[in-house]
Undergrad: 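Dropping the structure in here first, questions after.
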Amino acid sequence: MKAIRTFTVRPVLAESLAPLDRLASNWRWSWSRATHALFASMDPALWDEIGANPARMLGALGQDRLDELALDEEFVARVREEDERLTAYLEGDRWFQQLEGGKPVHIAYFSPEFGVDGSLPQYSGGLGILAGDHLKSASDLGVPLTGVGLFYRAGYFRQSIGDDGWQRESYPLLDPYGLGLTLLRDREGAPVEIALDLPGDRCLHARVWVADIGRIPLLLLDSETPSNTDEMRRVTDRLYGGGGEHRLLQELLLGVGGVRAVRAWSELTGRPTPDVYHTNEGHAGFQGLERMSELITSDGLSFDEALAQVRAGTVFTTHTPVPAGIDRFPRDLIADFLSSGLFQGLDAGRAISLGLETWDGGDQGVFNMAVLGLHLGQHANGVSVLHGEVSRGMFGMLWPGVDSDEVPITSITNGVHAPTWVHPALKAVSERAWGDAHTDTHDWTDRSVVSDAELWGVRQQMKGELVAEARRRVAASVSNGHTPSWVEDLLDPEVLTIGFARRVPTYKRLTLMLRDPERLTRLLTDPERPVQIVIGGKSHPADDSGKILIQQLVRFSRDPKVRGRIVFLPDYDITLAKDLYPGCDVWLNNPLRPLEACGTSGMKAALNGALNLSILDGWWDEWYDGENGWAIPTADTASNDEERDDAEAAALYDLIEHQLVPRFYEREGGIPLRWLAMVRHTMTELGKKATSDRMVRDYVERLYVPAAAHDVALRANEFLEAREVAAFVGRVREAWNRVSIASVDSSGIPQQAQAGDTLEVRADVRLDGLSPDDVAVELLYGTTNEDDALSRDHSVYRLSPGASAADGATVFSGTLPLSVTGTFGYTVRVRPAHAHLVSPVELGLVTYAS
């Protein structure tokens, strides 16, 4: 008999245990080893059964057990100690508070998914995990940030694998109260409700759930409210659960509703209005249009002035290197919503143009959310150095005439939250050795601090836990009342273990390892030096091609010849990941280069002492150093995908057989010393940079601080600078097709130039309505290649304006001492120049000498 409604009944806590409520409702417990242990100690078996969530624990424990604990003086003392520790964490100054100079007062961070903990399934993969780690590090560093997302009543999905190997999905409903969320209420105690007016006289309402992530509030909008029709209640049913208008409604609620939720939150808490808005991918792009609407209706700005002001304070991060990963909507559908009154005062036609693919080869019938994000964000980045390069090529058409290396998209390489992802046993060793310091201070290469025996012992303990969890999961998925005998021998803690887990789109090549099944079988079943592989991953419910890959892998793993040496673990999530990363000796990643934006799973494994075996893509392309793992050669010269897969799979097998296996099984006193030397190097060097603390510091210093400064500057004196920037942009855009370089003359160089000679350059530039102050005329110079193209690291020297030439052109000139030797070249260009442009080519208006 199925209940028609479920909810959580919270117990009554004795005064001595009252702090448990606060400890349970702040998700810092998910990365605080002591708080986690406190709740687990109340009933270890029940803790595991309910999914290791304190709010659920308090509801499931029972009043009698809580009353018993209230009389346990030792437990009460632990509760008090943890409460005091949380207070100190929430109230003390941290890195951001000690940062000198101007800085943001409040950053609003928008993402369609947040992976905070396995018990809060509001994520599908890397994008959400990254967002969760971003919030945690912002909290640890004291950054004044607010997360903004949606609350999906069924989360993403739970995965099971059928007897035929096919992925099956289920969607258990979530109780936000039982998860430890609180409903945002106004001063009278009524739930705060956000409303969006939609076409067809419809209205979308949403309540706001708040999750405290340490010092960071995470606002999650939920359309399950009595104010909505049944249709509108389903808007936040599932993460990535629908397309067309359903997906559009989710993104409107995230962007527009998210801005309104932040406004309500700020008003109720007294927090300043955000001066920086960060959109994690394009899903929240409508937040910029909502802010423009506010500026137009409340502050009297024009469309262009509002656009300048919004761009100044917006950071846009792109995470996808593949066009298929970008949300695109029919232009007519967007037009209906922009004309519905949702965005008051906003010119619908001009707003639509911000997202259209107007370049040659683009589809002007679609509205592209990444294009919208780049048009609304003056500060943009990819998530690794290579991904930044890919993004500049992928979106370069938005800056016509600009070389791809100058496209204004920078990069900040992702990182992972070490306190969340480092295994408790390894964390205990590091705390004993270095105290509660950050991983970037740990020198694991010092054997006098942590011996080989101790480090290897911890690594083996972590692997043993993975083996036990794998056996438990497989037994649960295959047994019908009894566990098959072969499950008891599944995996072996003594065997070289390779891990592979991620989302399963085709470009990540889940089944590359199956390219030569006979050779793989020999590696797995070698009688003296075997290999075992542990795999996890989910395919999007609508992606049958990904499901086929899973099915192929599962069917291979069930072959009695290899069963026990290769295993697919269903329902890959944060909880499983916390066993999988630490328990593997090697982490495998073999995407099609350069289609991996970053790939942070390998970072999590590395911080736990695993070595990486990866295609040089994402973060591995910039941080592989020859001692932290192995690089799989990329077959760039292959004539087709089949040939490429064959070559790269063969290279993968060769590395495993001839490098990984010998080094792992080479022992002295039972310990693989040369292997551990690589482990120590990896944990030390990647511990300095593969963390989200480093990542968030980079965002603050390189993007948030400049964005806040631009926002403040343009907003001052009743938006004086915003109005001036808008007038400048309009003026140069109108005049630019008449700007030209009439002539370039040089002198001072003898027939055989030498270093130290002086190059004198004069350029006559026709400005036709613009003043010399509106432009920069630049000499670009450096070494050249066989095609006379300047090198990517060329230099730029700005020429100075002088008198007008006889034909009305303006003379720009300069003198340059030659310091570059070898084949030398130069050119001259003119571009708009303004103090509030963050990139020389931001407007995409560049004229070169012909």
Undergrad: Any side-chain to backbone donor/acceptor pair from S740 onto A742? Under 3.5 Å, distance only.
TA: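 Not a single qualifying donor-acceptor pair exists.
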
Undergrad: Listing request: all side chain to side chain donor-acceptor pair (under 3.5 Å) pairs with a residue in residues 711-732, at least two apart in sequence or in separate chains.
TA: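 Non-adjacent pairs meeting side chain to side chain donor-acceptor pair (under 3.5 Å): E305-R723, Q309-D711, D711-R715, E721-H836, E724-H834, R731-D774.
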
Undergrad: Atom NZ in K689, atom CH2 in W619: separation rounded to 0.5 Å?
TA: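 Going from the NZ atom of K689 to the CH2 atom of W619 covers 9.0 Å.
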
Undergrad: Going by the ring-ring contact (aromatic ring centres under 6.0 Å, His included) test, which pairs reach into residues 326-346, not counting sequence neighbours?
TA: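 ring-ring contact (aromatic ring centres under 6.0 Å, His included) check on residues 326-346 returns no pairs.
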
Undergrad: With heavy-atom distances below 4.5 Å as the criterion, would you say the side chains of L703 and V315 are in contact?
TA: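 A side-chain contact exists here, since the closest heavy-atom pair is under 4.5 Å.
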
Undergrad: Could you go step by step and tell me if T827 and Y781 meet the side chain to side chain donor-acceptor pair (under 3.5 Å) rule?
TA: CA-CA 7 Å; T827 188; Y781 65 93; over 6 Å; no

Undergrad: Please lay out, stage by stage, how V744 and R762 fare under the test side-chain contact (heavy atoms from CB on, under 4.5 Å).
TA: CA-CA 6 Å; V744 177; R762 164 182 164 150; over 6 Å; no

Undergrad: Here's a test for you: under side chain to side chain contact (heavy atoms under 4.5 Å, CB included), which of L219, V148, N280 qualifies with F110?
TA: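 Option passing the side chain to side chain contact (heavy atoms under 4.5 Å, CB included) with F110: V148.
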
Undergrad: For A849 and I741, which heavy atoms make the closest approach, and how far apart are they?
TA: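 Between these two residues, the closest heavy atoms are N-CD1, 3.5 Å.
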
Undergrad: Would you mind listing every side chain to side chain donor-acceptor pair (under 3.5 Å) that reaches into residues 347-356, with sequence neighbours excluded?
TA: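 Of all non-adjacent pairs touching residues 347-356, those that pass side chain to side chain donor-acceptor pair (under 3.5 Å) are D304-R350.
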
Undergrad: Please answer whether the main-chain N or O of S791 pairs with a side-chain N or O of H794 as donor and acceptor at a distance below 3.5 Å.
TA: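 Looks like yes, one N/O pair under 3.5 Å.
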
Undergrad: Heavy-atom distance under 4.5 Å between the side chains of R271 and T146, does that happen here?
TA: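 R271 reaches T146 side chain to side chain.
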
Undergrad: Please check if the distance between the ring centroids of H387 and H319 is under 6.0 Å.
TA: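 Here the rings of H319 and H387 have centres that are no less than 6.0 Å from each other.
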
Undergrad: At what distance, to the nearest 0.5 angstrom, does CG of L770 lie from CG of D768?
TA: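 The distance works out to 8.5 Å.
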
Undergrad: Less than 4.5 Å apart, any side-chain heavy atom of L342 and any of L196?
TA: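 Sidechains of L196 and L342: in contact.
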
Undergrad: Residues two or more places apart in sequence or in another chain: which of them pass salt bridge (charged side-chain N to carboxylate O under 4.0 Å, His left out) with R702?
TA: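 Partners of R702 under the salt bridge (charged side-chain N to carboxylate O under 4.0 Å, His left out) test: none.
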
Undergrad: Can S340 and L198 be said to form a side-chain contact (heavy atoms from CB on, under 4.5 Å), step by step?
TA: CA-CA 6 Å; S340 67; L198 304 177; 5.6 Å; no

Undergrad: Taking atom CG of D360 as the centre, report whether more than 12 heavy atoms of other residues, nucleotides or ligands fall under 6.0 Å from it.
TA: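 Not more than 12 within 6.0 Å, no.
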
Undergrad: Distance-only, no hydrogens or angles: does the R328 side chain make a donor-acceptor pair with backbone N or O of N368 under 3.5 Å?
TA: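 Side chain of R328 to backbone of N368: no pair is present.
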
Undergrad: Could you give me the CA-CA distance, side-chain angles and deciding distance for V276 and V105, then say whether side-chain contact (heavy atoms from CB on, under 4.5 Å) is met?
TA: CA-CA 8 Å; V276 175; V105 296; over 6 Å; no

Undergrad: For R291, enumerate each residue passing the side chain to side chain donor-acceptor pair (under 3.5 Å) test, keeping only those at least two apart in sequence or located in another chain.
TA: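 Expected list: Q287, T314.
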
Undergrad: Any salt bridge (charged side-chain N to carboxylate O under 4.0 Å, His left out) pairs touching residues 306-325, not counting sequence neighbours?
TA: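 Qualifying pairs: R311-E842.
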
Undergrad: For R798, enumerate each residue passing the salt bridge (charged side-chain N to carboxylate O under 4.0 Å, His left out) test, keeping only those at least two apart in sequence or located in another chain.
TA: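 Expected list: none.
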
Undergrad: Going by salt bridge (charged side-chain N to carboxylate O under 4.0 Å, His left out), name the pairs with one or both residues in residues 812-829, residues two or more places apart or in two chains.
TA: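 As it turns out, the salt bridge (charged side-chain N to carboxylate O under 4.0 Å, His left out) pairs with a partner in residues 812-829, which skip direct neighbours, are E406-R829, E778-R829.
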
Undergrad: With distance as the sole criterion, is a donor-acceptor pair present between the side chains of S411 and N381 under 3.5 Å?
TA: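 N381 and S411 do not have a side-chain donor-acceptor pair below 3.5 Å.
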
Undergrad: So, for A722 and A308, which heavy atoms are closest and what is the spacing to 0.1 Å?
TA: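 The answer is O-CB, 4.1 Å.
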
Undergrad: Check salt bridge (charged side-chain N to carboxylate O under 4.0 Å, His left out) between R260 and all other residues, then give those that pass, not counting sequence neighbours.
TA: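 For R260 the salt bridge (charged side-chain N to carboxylate O under 4.0 Å, His left out) partners, ignoring immediate neighbours, are E290.
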
Undergrad: If we ignore angles and hydrogens, is there a donor and acceptor under 3.5 Å between the side chains of D133 and S692?
TA: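 Checked: D133/S692 side chains show no N/O donor-acceptor pair below 3.5 Å.
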
Undergrad: Quick check for you: to the nearest 0.5 Å, what is the distance between I326 atom CD1 and T318 atom OG1?
TA: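 These two atoms lie 6.0 Å from each other.
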
Undergrad: Under 3.5 Å, side chain of D403 to main-chain N/O of D405, donor-acceptor pair present?
TA: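 Absent.
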
Undergrad: Do V765 and V775 have side chains that get closer than 4.5 Å, going by heavy atoms?
TA: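 V765 vs V775: side chains apart.
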
Undergrad: If you measure from OG1 on T320 to CG on L595, what distance do you get to the nearest 0.5 Å?
TA: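 Interatomic distance, T320 OG1 to L595 CG, rounded to 0.5 Å: 8.5 Å.
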
Undergrad: Nearest 0.5 Å please: distance from the CD atom of E389 over to the CG atom of D621.
TA: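 Reported value, rounded in 0.5 Å steps: 8.5 Å.
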
Undergrad: Tell me every residue that passes salt bridge (charged side-chain N to carboxylate O under 4.0 Å, His left out) with D327, counting only those two or more places apart in sequence or in another chain.
TA: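 Only R247 meet the salt bridge (charged side-chain N to carboxylate O under 4.0 Å, His left out) criterion with D327.
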
Undergrad: Taking C-beta and beyond as the side chain, do S795 and L780 meet within less than 4.5 Å on heavy atoms?
TA: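 When only atoms from C-beta onward are counted, L780 and S795 do not touch, as no gap falls below 4.5 Å.
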
Undergrad: With rounding to the nearest 0.5 angstrom, report the OH to CZ distance, Y507 to R593.
TA: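 One gets 14.5 Å once the value is rounded to the nearest 0.5 Å.
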
Undergrad: Only counting residues at least two apart or in another chain, list the ones meeting ring-ring contact (aromatic ring centres under 6.0 Å, His included) with H278.
TA: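 Only Y109, H134, Y699, Y704 meet the ring-ring contact (aromatic ring centres under 6.0 Å, His included) criterion with H278.
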
Undergrad: Should L386 and E622 be marked as a side-chain contact (heavy atoms from CB on, under 4.5 Å) after you check the CA-CA gap, both sets of side-chain angles, and the distance that decides it?
TA: CA-CA 8 Å; L386 179 59; E622 66 192 86; 5.9 Å; no

Undergrad: Considering only heavy atoms from C-beta outward, does the side chain of R831 approach that of T847 to under 4.5 Å?
TA: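 Heavy-atom side-chain distance check fails, nothing below 4.5 Å.
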
Undergrad: Taking the side chain as everything from C-beta on, heavy atoms only, tell me whether L289 gets closer than 4.5 Å to L354.
TA: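 Sidechains of L354 and L289: in contact.
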
Undergrad: Report yes if some heavy atom in the side chain of M695 is under 4.5 Å from a heavy atom in the side chain of L130; otherwise report no.
TA: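 Yes, close enough: below the 4.5 Å cut-off.
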
Undergrad: Run the ring-ring contact (aromatic ring centres under 6.0 Å, His included) test against Y624 and tell me which residues pass, sequence neighbours left out.
TA: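 Residues passing ring-ring contact (aromatic ring centres under 6.0 Å, His included) with Y624: W620.
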
Undergrad: Identify the two heavy atoms, one from G401 and one from Y848, that lie closest to each other, and give their separation to 0.1 Å.
TA: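 It is O-CE1, 3.7 Å.
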
